[in-house]
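Structure first, commentary second.
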Amino acid sequence: MPPPSSLRGEKIPLIMSKDKKYWMSKDEISVIESVAGPADLETASTEWNRRDFLKTAGFSLAAFMTACSKTPVNKAIPFLIQPEEIIPGKAYWYASTSHACGSGCGVLVKNRDSRPIKLEGNPDHPVSQGGLCPVCQASVIELYDSKRLFHPILSGEEVSWNVLDKSVVQGLQKARENGQKIVLLTETVTSPSTKYYIKKFLKKYANANHVEYDPISYSAILDAHEMNYGKRILPQYDFEKADMILSFDADFLGTWLSPTQFTKDYRKNRNLDAKHISKHIQVESRLSVTGAKADERIVKSPAGMLQLAKDIEHALSGKGGHGIASDIAKELKHYKGKSLVVSSMNEPAMQESVNRINHALGNVGKTVILKNPNLQKSGNDASVVQLIADMKAGKVGALLVAGVNPVYDLPEGEAFTDSMKTIPTTVCFSAKQNETTELCNAICPSPHYLESWSDDEFTSGTLSMTQPAIQALGDTKSLRKSVTGWAGIDDDERNLVRNYWKKIYTTRKKGSQSFNRWWDNLVHDGFVKIKPKSVSVSRFKKGAMAKSLLKNGLTLVAYPSLQMLDGRHAENPWLQELPDPISKLTWDNAANLSPKKAKELGVSQSDVIQIKASGKSVELPVYIQEGQSDEVVAVSLGYGRKGTERFKNFGPDWIQKKATLGEGELVGERINHLLERNDNALSFSGISVSISKTGKTADLALTQTYNTLKNPENTAPPSMKVRPFIQETTFDEYKKDPSSGAHHGHQVVTLWKDDHPYDKHHWGMAIDLGACTGCSACVISCQVENNVPVVGKDEVFRRRDMAWMRIDRYYSGEGDDVDVAFQPMMCQHCDNSPCEPVCPVLATVHSSEGLNQQVYNRCVGTRFCANNCPYKVRRFNWFDYAHNDELENMVLNPDVTVRSRGVMEKCSMCIQRIQEAKIEAKAKGIPLADGDIKLACQQSCPADAITFGDLNDPESDISKLVEDPRHYHVLEELNARPTVGYLTMVRNREEEKGGNHHG
Amino acid sequence: MANQLESIREPLVHGNKNLKTITNDVVGIMDKKPTGLWWVGFLIALSALTLGVVAVSYQIMTGIGTWGLNKTVGWAFDITNFVFWVGIGHAGTLISAILFLFRQKWRTSINRSAEAMTIFAVMCAGLFPIIHMGRPWMAYWMFPYPNTRGPLWINFRSPLAWDVFAIGTYLIISAVFWYIGMIPDLATVRDRAKTKIKKAIFGFMSFGWSGSFITWHRYETVYGLLAGLAAPLVVSVHTIVSFDFATSSIPGWHTTTFPPYFVAGAVFSGFAMVLTLLLIARKAMRLEEYITVNHVENMTKVIILTGGIVTLSYATEFFMAWYSGNGYEQFVFLNRAMGPFAWAYWIMVGCNLLTPQFFWFKKIRTNMMMVFILSIFINIGMWFERFVIIVTSLHRDFLPSAWAMYTPSYVEIATLIGSFGLFFTLFMLFIRYMPIISIGEVKNVLQFKGRNGGEE
């Protein structure tokens with residue numbers, strides 16, 4: 001847990017860089033270098049097992065593993081001259097910025113022994129505000145991927161940078177001589193220094209241009225604003241100020257644009273103590289996390305969504321309108337200036353409609369900020385189309401691709417491939433081999449962001465800093481350095497950034513600090529507020545209405561998967577095994593069909609169907625998705641990525657094992673070739689498709705197969721049709737009676753004297769069901785913190801996944817009226833736990849502070865505890881899951897035991913964090929304050945749904961929540977006395993829709 | 001007067017046996033070379049055992065994941081087999097100890113093999129708690145031995161710890177009881193032994209039995225005491241095994257009817273297994289005159305009684321679930337009868353409720369083939385009863401998000417077959433190398449026949 005800001009800055013080395021010689025002596029540098037160098041890894045003994053790893057970390061844990069091979073420890077070198085600030089075993093935190101997705105969350109990197117092992121949101125950073133999404137949490141393992149590119153590659157051979165640079169420069173010069181274009185194809189570049197250096201590079205090589213595109217395209221939003229306001233900008237959206245939110249397909253709490261920030265802001269306007277909370281209406285064709293959270297949800301096909309938007313426009317302008325359109329228009333008018341209409345659809349017609357509505361409602365300047373725009377996405381679909389045409393026509397002499405995978409991303413992937421083969425000089429910047437690098441003759445290995453220097457302005461006015469938290473593991477170079485090198489500028493990574501800002505900071509800085517001061521603060525804090533580059537926009541111009549090419553009938557909706565996004569994280573095993581929050585599907589993507597549509601087509605779940613669109617096809621297994629439009633087949637993007645063949649035999653080896661992948665298969669299927677272009681805009685929905693059966697079936701590795709709290713029809717007992725685990729109410733009801741929605745159960749009386757007097761602390765937790773969006777950041781955060789193993793597709797299919805925390809997703813209602821409730825479930829740490837009395841060897845005991853403890857080294861694995869747990873939160877190590885991949889093991893948290901086979905494990909309430917905080921407080925002689933301890937799950941939650949604290953402290957947040965009438969326990973009547981409680985979900989809607997959550 | 005009554009009673013041993021013929025009949029089996037039939041049975045059992053050894057070794061080396069269990073269904077075949085085998089053992093102890101205390105003289109021709117069956121069943125059963133552990137090499141931690149880690153004792157509150165004591169006690173007492181009861185017969189074999197080796201082995205095993213009056217007197221006393229010790233085990237052991245479930249909180253397990261229900265079920269299945277074995281043994285080894293139709297009939301009558309208790313327990317469970325108004329409890333029973341495992345439930349009900357009803361009819365009771373077939377059905381039904389109790393209660397308990405299905409893996413099935421292999425291998429060896437009928441006790445009940453020891 002990062003030290004509170006009051007303690008920060010005291011003993012933490014500000015900058016980890018091998019150039020800052022005055023922090024450490026040469027010996028220490030060599031020590032750090034020897035911790036991990038890729039060259040060393042290749043020659044190192046492959047039998048470096050866990051014990052040696054822990055020894056290297058300076059620990060001596062009691063040996064709990066029998067039959068360990070004894071290999072000579074050759075990398076455990078203690079400091080010869082220990083730097084004053086560094087205490088082995090103590091974590092050091094560095095502020096940095098994540099580049100896991102394009103949003104730019106500020107992170108605090110937890111370093112143990114010079115290795116980053118955990119990320120936490122920087123509480124002060126305006127984007128992350130302390131939270132982090134699951135993708136970012138999981139990105140730390142990608143640093144330790146042994147399949148990364150560690151050396152430059154030229155024509156298939158590993159070479160030195162000199163050789164590669166020479167070859168590339170030659171190629172660029174040749175292209176210039178031949179009068180051919182040099183194209184730099186990248187993702188949205190958010191780094192001001194990189195933008196500057198790219199400009200220099202482009203100037204040096206005339207006839208060079210820079211094409212930007214975003215794999216999940218926001219181009220239509222930018223184009224629409226160009227048409228309406230004269231500038232191609234992406235607005236900042238202020239969900240905090242929005243009292244009414246109308247979203248057309250924008251999954252802003254899950255994957256759209258900047259979900260962590262949006263969740264944080266959204267939550268600020270959902271304070272139940274206030275007079276009112278925001279009203280959120282979601283119009284969508286598939287069931288997304290945001291739709292699950294919405295107060296009201298309207299299911300429409302993509303064409304239907306556009307029609308509804310147009311109808312609302314009409315209703316707003318008084319031109320009539322009926323039905324939902326007029327109802328919504330009325331509500332929007334009520335919230336004039338305080339509403340927010342957004343859409344993620346990359347359809348020009350839709351974005352123009354959204355702009356018109358926002359303008360009519362006076363939202364611009366209030367919730368839609370144009371003057372200080374969002375710089376996260378600036379890709380231009382039209383320029384990509386132009387590039388493809390140029391490539392085909394042979395006009396391109398050199399193509400440099402950085403940060404994107406066009407062969408995979410673009411529907412024209414095949415054509416792109418063919419064209420690329422004709423380009424004389426192709427250079428790719430990538431951290432791993434992918435579909436595009438395979439076609440490049442020069443591959444420049446990119447560093448992971450945790451080993452990079454970078455400056456980024458994701459939103460106008462905030463400069464975020466990325467500093468390395470570990471010495472580069474490979475011979476990598478950032479795009480910035482390569483490009484500057486080829487432009488004739490020679491400097492190191494840090495100075496390229498630093499010197500740029502030294503030059504221009506006076507024009508952007510706020511305040512009157514010297515540069516060194518300003519820079520030090522920037523690196524220390526991870527970000528700084530600078531003068532925004534304001535954009536002057538013209539007055540709203542209506543402009544010509546774009547044609548809609550959204551088809552009627554059965555259409556395809558391609559959405560970014562919450563785990564994979566556009567596919568860049570496909571090789572991350574944590575993310576592959578993270579269940580999709582809605583479908584709970586892992587290791588695969590599926591063709592989501594509504595129950596009605598599936599029945600109509602005569603298919604059931606797991607049947608493999610073929611989806612055909614404009615001559616292309618893909619085969620996918622069916623997943624029956626409640627709440628989805630009947631006219632849509634929804635498939636997630638990001639699958640079928642090259643590189644996932646590495647997971648072929650992933651998982652424990654035994655006689656009935658089913659390999660994760662068949663021969664030549666990849667995880668999931670790529671669907672990008674089915675996407676179409678609407679003019680130039682890349683269309684992700686409304687693509688006409690036809691479906692045919694194949695007669696094949698494919699197992700779906702789901703972590704949850706029963707999806708509702710309603711008992712099955714034929715076995716529903718007369719006294720309980722619905723299990724009462726989710727309590728729900730409406731805001732109006734809540735205001736009248738705060739205990740509305742509660743199931744008033746009997747107070748359980750017991751004759752037994754309390755076994756456990758909690759003298760000092762009594763830890764408790766409460767989870768706000770109204771806040772939880774199901775994003776699963778907590779699940780990954782827990783996995784990273786507690787060394788929870790990944791088990792592979794077959795094991796998940798057999799219901800043996802190991803996640804300590806799961807998010808149960810329950811449907812209520814039917815058809816289009818489906819409601820979704822998320823319930824994070826982890827060990828409830830019952831005071832009267834059913835698991836404790838049944839363990840024969842006392843491997844699970846109760847602590848004096850209220851935690852149920854699992855003693856791994858005592859457990860013999862009878863599994864009675866798991867059987868007796870009514871919440872089914874215990875996880876058993878069915879095989880030896882922990883891997884002995886030397887590099888990957890560096891991400892393990894040394895504070896947490898790695899469990900062996902045959903041992904039971906479960907949520908420990910991050911006992912290591914509790915202990916760390918207690919020890920620190922004791923060492924400092926100060927009392928432990930409420931909020932000093934943040935559990936991994938709690939810390940990461942972008943919705944702040946989890947509260948943790950001392951129940952013995954009447955002033956703590958948790959004690960107050962326990963007294964809240966919304967507070968309840970699951971299965972209270974069993975008298976297990978769980979210390980984890982839940983808060984009734986409150987939705988801002990009129991009547992109780994469905995009402996199936998009540999008993 | 002008494003003699004007249006005795007002469008009306010059905011003779012316990014048929015065929016005009018006298019003291020000498022009894023000895024010859026029983027010990028003669030051990031003198032002869034084993035028949036082809038024995039070899040067939042033994043080799044089948046041995047191959048099943050080998051399969052089991054391979055499966056268990058593979059499972060211990062690779063992990064419990066080689067079974068079909070998952071985080072929802074943590075026990076299935078392992079504990080089903082455990083309870084099944086322990087249950088089977090109870091018949092033997094009932095016959096040996098309880099029927100002895102009740103002076104039921106008809107027990108004498110079956111008690112030796114029944115008690116042997118108990119010991120082998122308990123051995124099979126005892127394997128499962130060890131191999132079902134995730135880390136069986138630490139199984140000794142289940143025993144409260146003095147140590148320097150505190151000392152760190154076991155959790156005496158845990159039903160699994162009680163199991164350790166119960167099964168351990170059961171095994172030890174059964175073995176001691178069986179063995180001590182066997183000493184006079186071992187001495188007989190020693191006295192008749194032709195080869196030096198046989199004489200030495202059986203001499204060692206019979207502890208220098210002299211057959212004097214004092215020795216017999218002491219023997220009877222010890223036998224009585226051991227019977228007294230073993231008798232309560234019939235009730236207590238399976239009660240404790242039932243506590244594995246009854247003390248838990250899962251609906252379907254959490255019920256106070258389990259102790260009597262399980263004990264009755266144990267005797268029920270045990271007698272069925274005794275019948276299965278002895279019906280084969282008496283035919284194959286021509287012991288029909290010792291294990292008579294009357295013996296079989298008496299055992300079927302016990303089956304009717306205990307089957308009736310089992311039926312009553314099923315009905316009570318259902319009634320209490322409804323009467324309690326507890327939705328979770330009601331769901332478990334509805335799910336058993338009509339959910340995904342309904343097939344297992346109806347096999348269980350069919351075999352356990354219907355089969356014993358056939359035994360009301362004397363014609364069926366006295367038809368050896370019918371009894372044999374029905375006894376097998378009873379065992380199938382009783383195995384499924386434990387399977388249904390364990391798996392259906394676990395796979396769909398409180399939180400629907402955790403609901404999962406269970407399918408056994410090949411390794412589990414092989415382990416089950418292996419346990420049968422172990423049982424039958426031991427039994428085959430027993431009937432070959434040990435006196436399978438209690439010679440001394442059978443001779444004792446010959447007094448029922450007239451002065452000449454034959455039928456009037």
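Chain naming here is simple, since letters A, B, ... match the order of the sequence lines and numbering starts at 1 in each. What you see below is based on every heavy atom in this structure, not just the backbone, and it leaves out hydrogens, waters and symmetry mates. Note that the coordinates shown come from a computational prediction; the quantities given were computed from them, not determined experimentally.
B/I60 touches chain A through its backbone: at least one of N, CA, C or O sits under 4.5 Å from a heavy atom, while the side chain does not. Only the side chain of B/D78 has a heavy atom closer than 4.5 Å to any heavy atom of chain A. If you measure heavy-atom distances from B/R396 to chain A, the contacts under 4.5 Å come from the side chain alone. The parts of B/W67 that come within reach of chain A are both its backbone and its side chain, each placing non-hydrogen atoms under 4.5 angstrom from that chain. Using a 4.5 Å cut-off between heavy atoms, B/L69 contacts chain A through both its backbone and its side chain. Proximity to chain A is absent for every atom of B/V164, based on heavy atoms less than 4.5 angstrom apart. At a 4.5 Å heavy-atom cutoff, the contact between B/Y328 and chain A is made by backbone and side-chain atoms alike. For a residue to count as touching a neighbouring chain, one of its non-hydrogen atoms must lie under 4.5 Å from one of that chain's; by this rule A/R874 touches chain B with the backbone only.
Among the candidates B/S248, B/A139, B/P129, B/P136, the residue making the largest number of heavy-atom pairs closer than 4.5 Å to chain A is B/S248. In terms of heavy-atom pairs under 4.5 Å with chain B, the best-connected choice from A/L974, A/D653, A/V970, A/L971 is A/L971. Annotation: maximal heavy-atom pairing with chain B below 4.5 Å, among A/N707, A/T708, A/V838, occurs at A/V838. In terms of heavy-atom pairs under 4.5 angstrom with chain B, the leader among A/N867, A/L842, A/V841 is A/N867. Taking chain B as the reference chain and counting heavy-atom pairs below 4.5 Å, the highest number among A/G902, A/P717, A/A866 is found for A/P717. Heavy-atom pairs under 4.5 Å with chain B peak, among A/A976, A/P834, A/P712, A/P652, at A/P712. Options A/V845, A/T705, A/N714 differ in how many heavy-atom pairs under 4.5 Å they form with chain B, and the most are formed by A/N714.
Cation-pi geometry between A/R723 and B/F331 is met: under 6.0 angstrom from the ring centre, within 45 degrees of the axis.
For B/H395, the NE2 atom sits in a packed shell: over 12 heavy atoms of surrounding residues, nucleotides or ligands are nearer than 6.0 Å.
Inspection of the A/S719 and B/N326 side chains reveals no N or O donor paired with an N or O acceptor under 3.5 Å.
Using a 4.0 Å cut-off between charged nitrogen and carboxylate oxygen, A/D794 and A/R798 count as a salt-bridge pair.
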